[in-house]
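In what follows, chains carry the letters A, B, and so on, assigned in the order in which the sequence lines appear, proteins first and then strands, with residues in each chain numbered from 1.
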There are 2 protein chains.
Amino acid sequence: MLGTDFFMELSNRGIQPSIQRAKILEFLWKERIHPTADDIFDHLHHEIPTLSRTTVYNTVKLFTEHNILQPLVIEDKEIRYDIDTSLHGHFKCESCGNIFDFKADNEGSAGIRELEGFQIRERHIYFKGLCSSCSNLK
Amino acid sequence: MLGTDFFMELSNRGIQPSIQRAKILEFLWKERIHPTADDIFDHLHHEIPTLSRTTVYNTVKLFTEHNILQPLVIEDKEIRYDIDTSLHGHFKCESCGNIFDFKADNEGSAGIRELEGFQIRERHIYFKGLCSSCSNLK
DNA sequence: GTAATTATTTGTAATGATTACACATTTGTA
DNA sequence: TACAAATGTGTAATCATTACAAATAATTAC
Ligand SMILES: [Mn+2]
Ligand SMILES: [Mn+2]
Ligand SMILES: [Zn+2]
Ligand SMILES: [Zn+2]
């Protein structure tokens with residue numbers, strides 16, 4: 001998707017493009033943070049003064065349905081969205097609030113006795129604590 | 001804690017006992033589900049007609065601070081409480097809503113390169129999908 | 001034991017992210 | 001251009017959780 005048109009990317013994914021959707025996708029793609037819908041709104045409403053919060057909520061929902069986005073529930077009352085939909089772990093720093101990715105073993109998925117006969121659709125792994133920067137600030 | 005007094009148990013844990021606190025602890029201990037604060041309230045307000053929702057919220061917060069309880073954030077807008085504070089995984093069935101425990105590997109905690117220098121305070125693993133009962137209902 | 005102090009409980013009012021909804025705008029099509 | 005469908009917008013509702021202040025119960029001081 002590097003350097004390409006986000007309009008085109010939306011089309012390719014079977015989503016009717018719009019300025020709002022393209023800008024939201026661009027933001028998610030370029031800034032590789034794990035923003036909330038509100039974070040996205042706050043960042044974009046300068047560029048698109050008419051942007052509505054509802055549009056952001058609708059769009060992240062749409063993207064999620066198209067598997068472009070993965071919602072992360074780490075804190076209650078805060079859904080974050082990750083454009084990396086692969087299986088990986090998340091670390092949320094309780095001090096700065098940043099979220100960090102880490103590699104998480106895929107194993108353990110199959111060999112769990114208690115889940116015999118279960119249909120697993122989603123896997124989530126998250127840790128909490130202090131990131132190295134915040135740890136160093138004593 | 002089997003067959004003992006929950007008042008005593010609270011004292012032992014350094015918590016001033018009360019009827020409300022003891023009943024909440026008893027419920028959490030005996031029913032080994034992962035209830036929300038509201039679930040606890042719904043179950044107990046028959047026994048204790050004067051019980052306030054706020055008391056339940058205050059109590060689960062108190063218990064959490066004393067590490068008697070572990071809050072689980074799996075869905076937004078729903079905090080569940082687990083009296084088993086050990087590290088284990090949770091499976092939430094998207095059909096019946098029940099939560100199942102499973103053993104989760106402790107390993108992977110240390111050897112994660114991306115988290116070098118990070119202070120890990122909490123580890124959470126949860127899956128979603130269909131439990132075996134709900135899977136069998138086709 | 002009674003009064004004063006402190007802790008606990010209760011009910012109601014606020015909070016705040018998300019959702020519902022109705023209307024406005026834009027887009028696609030004939 | 002004209003109409004229909006899709007998309008976007010703003011406001012109002014939702015609902016679990018939290019804040020708060022008054023009521024009640026427990027503990028301590030005398
Ligand atoms: Mn991620
Ligand atoms: Mn559990
Ligand atoms: Zn940090
Ligand atoms: Zn089920």
Side-chain angles (χ1 to χ4, degrees), chain A residues 6-8 10-11 13-27 34-66 68-81 92 97 99, chain B residues 6-8 10-11 13-27 34-66 68-81 92 97 99:
Chain A
F6 290 95
F7 259 68
M8 189 60 78
L10 286 167
S11 292
R13 303 248 197 175
I15 294 173
Q16 179 69 25
S18 73
I19 292 142
Q20 292 85 347
R21 290 173 179 176
K23 284 288 181 192
I24 290 170
L25 182 60
E26 182 181 14
F27 175 63
H34 300 78
T36 64
D38 245 51
D39 292 338
I40 299 171
F41 175 79
D42 288 343
H43 187 267
L44 291 180
H45 82 103
H46 300 108
E47 272 186 89
I48 315 171
T50 62
L51 182 65
S52 167
R53 226 173 280 269
T54 301
T55 298
V56 178
Y57 278 101
N58 289 340
T59 303
V60 291
K61 187 172 179 241
L62 181 73
F63 286 2
T64 299
E65 285 160 2
H66 282 75
I68 290 177
L69 234 48
Q70 170 185 198
L72 305 179
V73 177
I74 297 179
E75 309 278 3
D76 63 316
K77 292 182 176 166
E78 175 178 284
I79 306 178
R80 286 165 174 268
Y81 293 91
K92 172 155 188 188
I99 291 188
Chain B
F6 290 94
F7 259 68
M8 189 60 77
L10 286 167
S11 292
R13 303 246 197 176
I15 295 173
Q16 180 68 25
S18 74
I19 292 143
Q20 292 85 346
R21 289 172 179 176
K23 285 287 181 192
I24 290 171
L25 182 60
E26 182 182 14
F27 175 63
H34 300 79
T36 64
D38 246 51
D39 292 338
I40 298 171
F41 175 79
D42 288 343
H43 186 269
L44 290 180
H45 81 102
H46 299 110
E47 273 187 89
I48 315 172
T50 62
L51 182 65
S52 166
R53 225 173 281 269
T54 302
T55 298
V56 178
Y57 279 100
N58 288 340
T59 303
V60 292
K61 186 170 181 244
L62 181 73
F63 285 2
T64 299
E65 285 161 1
H66 281 76
I68 289 178
L69 235 46
Q70 172 185 195
L72 305 179
V73 178
I74 297 179
E75 310 278 1
D76 64 315
K77 292 181 177 166
E78 173 180 284
I79 307 178
R80 286 165 174 267
Y81 292 91
K92 173 158 187 186
I99 291 188

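- Note: CD (B/E75) to P (D/dT17) measures 12 Å, nearest angstrom.
- Between B/R21 and B/Q16 the shortest side-chain heavy-atom distance falls below 4.5 Å.
- The interatomic distance linking B/I40 (CD1) with D/dA16 (P) rounds to 14 Å, in whole Å.
- Using modelled atom types and a 3.5 Å distance limit, the side chains of B/T36 and B/D39 yield a donor-acceptor pair.
- Axis angle between the ends of the helix from C/dG1-D/dC30 to C/dA30-D/dT1, five pairs each and rounded to 10 degrees, works out to 10°.
- Taking CD of B/Q70 as the start and OG1 of B/T64 as the end, the distance is 9.0 Å to the nearest 0.5 Å.
- If you take CD1 of B/I15 and P of D/dA26, they are 17 Å apart, rounded to a whole angstrom.
- The interatomic distance linking B/F41 (CZ) with D/dC15 (P) rounds to 17 Å, in whole Å.
- In this entry the distance linking CG of A/L10 with P of D/dA6 reads 17 Å, nearest Å.
- The closest donor-acceptor contact from the side chain of B/R80 to the backbone of B/I74 lies at 3.5 Å or more, if one exists at all.
- Of the inter-residue distances, the one linking B/T55 atom OG1 with B/F41 atom CZ reads 9.5 Å to the nearest 0.5 angstrom.
- Atom NE2 of A/H45 is separated from atom NZ of A/K23 by 14.5 Å, given to the nearest 0.5 angstrom.
- Using a 4.5 Å heavy-atom threshold, the side chains of A/D38 and A/R53 count as touching.
- Distances shorter than 4.0 Å separate some side-chain N or O of A/S18 from OP1 or OP2 on D/dG8.
- A distance of 10.0 Å separates CD1 in A/I40 from CG in A/L25, rounded to the nearest 0.5 Å.
- Between A/L25 atom CG and D/dT7 atom P the separation is 15 Å, expressed in whole Å.
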Enumerate all atom pairs, one protein N or O and one N or O from nucleotides 28-30 of chain C, separated by less than 3.5 Å.
from	atom 1	to	atom 2	distance (Å)
C/dG28	OP1	A/Q16	NE2	3.2

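- Look at CZ on B/F63: it is 11 Å from P on C/dT8, rounded to the nearest Å.
- A residue-by-residue look at B/D76 and B/I19 shows that B/I19 has its nearest nucleotide of DNA chain C further toward the 5' end.
- A heavy-atom distance below 4.5 Å is found between the side chains of B/I15 and B/I68.
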I'd like to compare against my own output: the B/S/- annotation of nucleotides 10-17 of chain C with a strict under-4.0 Å heavy-atom distance to protein. BBB----S
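- Heavy atoms only, all atoms of each residue included: B/Q20 and B/L51 are closest at CG-CD1, 3.8 Å.
- Remark: C1' of D/dG8 and CG of A/L62 are 13 Å apart, rounded to the nearest angstrom.
- Between B/I19 and B/F7, the closest heavy-atom pair is N-CZ, 3.8 Å.
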